[in-house]
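Computed from a prediction, not measured in an experiment: that's the story for all the values here. Side chains are part of it too, since the values below use all heavy atoms of this structure and drop only hydrogens, waters and symmetry mates.
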Amino acid sequence: MGFKNLDIKRPILLTGKTGTGKSTKAKTFVNDPVIFYADDINYDIGSIPIDNGIIIEDIHIKPDKDAILNILRTYKGQIVITSINEKSVPKNIKVMCKIKRAGSKNYLE
């Protein structure tokens, strides 16, 4: 087994304005995810199965940087992070992620 066979799942950062379907698109990347909000993460990451995945919502509102960085460093499954804009995401979190844009269709009702 070489390094070519090693599959590394980088976290995905979804950005887009309110109502563009960030959360809907985030649910397509993971199966039966555990959903956290960035300002309130108090959970044991070791008990989440790798197959499920994690969604971290609203990282633009006072995120708990230490807890999020701990999740990004230790969890081996797929992680999806949502934010309204890319500028408000802390730089040390943004560097670890693959950035994708949400669609331009408005899902607000």
N52 vs V30, test: side chain to side chain contact (heavy atoms under 4.5 Å, CB included). Steps then yes/no. CA-CA 6 Å; N52 287 6; V30 291; over 6 Å; no

Quick one, E86 with T15, criterion side-chain hydrogen bond (donor to acceptor under 3.5 Å, both in side chains). Give me CA distance, side-chain angles, the key distance, then yes/no. CA-CA 6 Å; E86 190 177 329; T15 60; 4.9 Å; no

Apply the test side chain to side chain contact (heavy atoms under 4.5 Å, CB included) to residues L72 and I81: give CA-CA distance (whole Å), side-chain angles for both, the deciding distance (0.1 Å), then the verdict. CA-CA 10 Å; L72 294 178; I81 302 171; 4.1 Å; yes

Run the side chain to side chain contact (heavy atoms under 4.5 Å, CB included) test on N92 and L69 for me, step by step, so that the C-alpha distance in whole Å, both residues' side-chain angles and the decisive distance to 0.1 Å come before the verdict. CA-CA 8 Å; N92 50 2; L69 286 172; 3.6 Å; yes

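Scored by the side chain to side chain contact (heavy atoms under 4.5 Å, CB included) test, K100 finds I12, L14, F29, K98 as partners (sequence neighbours excluded).
The two residues K25 and R101 make their nearest non-hydrogen contact at NZ-O, 3.2 Å. K22 and G16 make their closest contact through NZ-O, 3.1 Å (heavy atoms, listed as atom of the first residue, atom of the second, distance). Nearest heavy atoms, A38 versus D58: CB-O, 3.5 Å. What you find for R10 and Q78 is that their closest heavy atoms are O-NE2, 3.2 Å. Between L13 and S83, the shortest heavy-atom distance links the atoms CD1-CB, 4.4 Å.
Between F36 and D40 there is no side-chain heavy-atom pair separated by less than 4.5 Å. Within the 4.5 Å cutoff, the side chain of I71 has heavy atoms near those of the I54 side chain. Looking only at side-chain heavy atoms (C-beta outward), I59 and I93 come within less than 4.5 Å of each other.
In terms of modelled atom types and a separation under 3.5 Å, the side chain of K17 and the main chain of N85 share no donor-acceptor contact. When atom types are taken as modelled, the side chain of H60 and the backbone of I84 share a donor-acceptor pair closer than 3.5 angstrom. A donor-acceptor contact shorter than 3.5 Å is absent between the side chain of Y37 and the backbone of I61.
No more than 12 heavy-atom neighbours from other residues, nucleotides or ligands sit within 6.0 angstrom of NZ on K27.
Cluster membership for I41 and V34, using ILVMFWY side-chain heavy atoms within less than 4.5 angstrom, is shared.
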